[in-house]
Amino acid sequence: MLKKILITALLTCAYLLGGFAPAAEAALLRVALVTGQTTAEISCDDEFEVQSGWQKTVMPKGKYFLFIKDNRLFMEAVTERKISAAKIEPHVSTDPIKQKTADTDNLSKRYDWGSSIYLAGLGDKKAPGVNQRQYNGHLRAMVADGKLLVVNYVDMEQYLCSVLPNKTMVVWPDEAIKAQAVAARSYAMYMQRVNVNKQYDLPANDTELVYEGTGLRIEKAAINKLVQATKGQFVADAAGLPIQAVSTSSTGERTESALAAWGKNIAYLQSVKDFDSDSPDFTWEYRATPSLLEGQLAQRGYTVGRLTSVRLSPLEDMGADRTDTGRVKYLILTGTGGAAKISGEELAEILSLKSTLFDVETGVPTPEVLKVPIEDRFGFEVGSKDINIKVNDEDKDKPAVSSILRSYHMLNGGKDEKIIFHGRGKGSGLGLSAWGARGMVNAKEKITYKDILAHYYPGTYVRK
């Protein structure tokens, strides 16, 4: 009798939990679609189901505003006219609650769900979308630190089919695409492991894997086929665990090490030769006006005033301001208001440079006197000092002197003056190089995706 009661209780729980059982969720990847906002748009072309605690509610098809009030989740069905007025954009922080008008005729019903709900399609029908994007799997919405958090629980292979087209091209060799698929799966599994006790594994706008949901515009049949061909495979470290398989578009001949980029040594993220010479970004050039850089610096709190010089050692000299592969650690920007030391990564972000592997050119001759600001012990400028940097003709060819001279790129405030960046590669320079993988396959007929991964992640192997 007791056995029958237990079986009945288990079956009842299974029915109530349906497709949202925690055991089933554990096998899925958790991707945060909405974070730090107060509202989102939920839409579905078919009826869908919302589960709040033990209660399940079948919702009519249509569009809804999901929002937080008093640390509770509410949903309102809204007419097309109301939604058009709110102008919700995909993955853009917005708060339609603040845009609501007093026209309550537009609202059909308000649902009070509590602090956490699940949303899913009915049977084989479409799952509800979020902010005008469609997703596989099901959704969970919850209140997290007073803000709205919407997480997509999605199968790993479906997730890869969505993110991989951003990392590769359908016309590339199959082995190069397979390498990208296994690396992406490894990275996602690594994030699952390190974030197991958090509310999600990675955000939709992750810097490594950008997730835009599902649809004909996003997924590519040829890439989906290769994802399935490597199903379940990942790159493992010596302990057999998934590695943090970061990747880059191209590197300009050599990848960067984790030690140089992140300040920590990771055995499988060492600097190795790249084969990316066919990349359209193998070399690049970017020209910026000094006023553009001055404005961007001011917005970030740097008070350098009008720029007078950029100090960066030449790439061929590999000064202390560069890593062993030549990527820029930092630059010194000097102006009429002072000087600022800025990292290569921040400058690349400010100007949208393709990488931190670059040289600088201004075309203005080096002066004979350099004006250097004098600061007190609190860091405030209290004056300046002129330093004579005129070099005798016989000393100009000395390596040390030549390097110092060529590190100073002067600006005189001319009308058409430009700061010119001559660079190589695109991306962080870490890990698997997309164009390098393609180059390896094109150079050797019998190379496989496992060979590619072993080259870019030394000391690792592929397993299931």
Side-chain angles (χ1 to χ4, degrees), residues 12-13 15-22 25 30-154 199-200 204 213:
T12 303
C13 288
Y15 170 75
L16 288 171
L17 291 171
F20 308 138
E25 283 186 351
R30 303 170 301 163
V31 186
L33 307 179
V34 177
T35 60
Q37 300 182 30
T38 57
T39 188
E41 179 191 293
I42 303 295
S43 60
C44 197
D45 294 333
D46 296 302
E47 290 182 331
F48 63 98
E49 187 175 76
V50 175
Q51 179 176 327
S52 176
W54 296 105
Q55 180 183 356
K56 291 183 178 182
T57 305
V58 176
M59 303 292 295
K61 67 180 181 179
K63 297 183 180 181
Y64 300 81
F65 282 144
L66 177 66
F67 62 94
I68 293 176
K69 183 179 180 181
D70 299 327
N71 274 329
R72 295 180 66 84
L73 293 173
F74 290 86
M75 221 159 70
E76 287 182 347
V78 186
T79 64
E80 289 296 328
R81 184 162 68 89
K82 176 69 176 281
I83 291 172
S84 176
K87 295 182 180 179
I88 294 183
E89 298 293 336
H91 296 293
V92 176
S93 295
T94 181
D95 194 347
I97 302 306
K98 295 179 181 178
Q99 300 171 1
K100 288 170 57 179
T101 66
D103 186 4
T104 55
D105 292 337
N106 285 329
L107 303 178
S108 58
K109 187 174 181 181
R110 173 179 289 189
Y111 300 84
D112 181 352
W113 297 119
S115 60
S116 176
I117 58 172
Y118 289 93
L119 305 93
L122 287 173
D124 58 354
K125 293 181 179 179
K126 286 184 178 180
V130 180
N131 290 348
Q132 300 177 15
R133 292 189 186 277
Q134 295 300 312
Y135 298 93
N136 289 309
H138 66 271
L139 308 172
R140 184 184 181 189
M142 66 194 90
V143 178
D145 297 324
K147 298 292 184 179
L148 178 62
L149 173 62
V150 180
V151 178
N152 180 204
Y153 289 78
V154 60
Q199 293 171 317
Y200 58 90

Give a yes or no on this: more than 12 heavy atoms of other residues, nucleotides or ligands lie within 6.0 Å of atom CG of D45. no
Assign the ring pair F48 / Y64 to parallel, tilted or perpendicular, where the plane angle (0 to 90°) is split at 30° and 60°. perpendicular
All side-chain hydrogen bond (donor to acceptor under 3.5 Å, both in side chains) counterparts of D46, not counting sequence neighbours: none
Tell me, do R140 and S116 make a side-chain contact under 4.5 Å, heavy atoms counted? yes
Within a strict 4.5 Å, meaning less than it, do heavy atoms of the Q37 and V150 side chains meet? no
State, with a plain yes or no, whether a side-chain heavy atom of V34 is found less than 4.5 Å away from one of L66. no
Tell me, do I68 and T39 make a side-chain contact under 4.5 Å, heavy atoms counted? no
On a heavy-atom basis, the closest approach of V130 and A40 is CG1-CB, 4.4 Å
Would you list the pairs meeting side-chain hydrogen bond (donor to acceptor under 3.5 Å, both in side chains) in which at least one residue belongs to residues 141-152, sequence neighbours left out? N152-Y211
Output, in order, the C-alpha distance, side-chain angles, deciding distance and verdict of side-chain contact (heavy atoms from CB on, under 4.5 Å) for I42 and M59. CA-CA 11 Å; I42 303 295; M59 303 292 295; over 6 Å; no
Side chain Q51, main chain G53, donor-acceptor under 3.5 Å: yes
For T57, enumerate each residue passing the side-chain hydrogen bond (donor to acceptor under 3.5 Å, both in side chains) test, keeping only those at least two apart in sequence or located in another chain. none
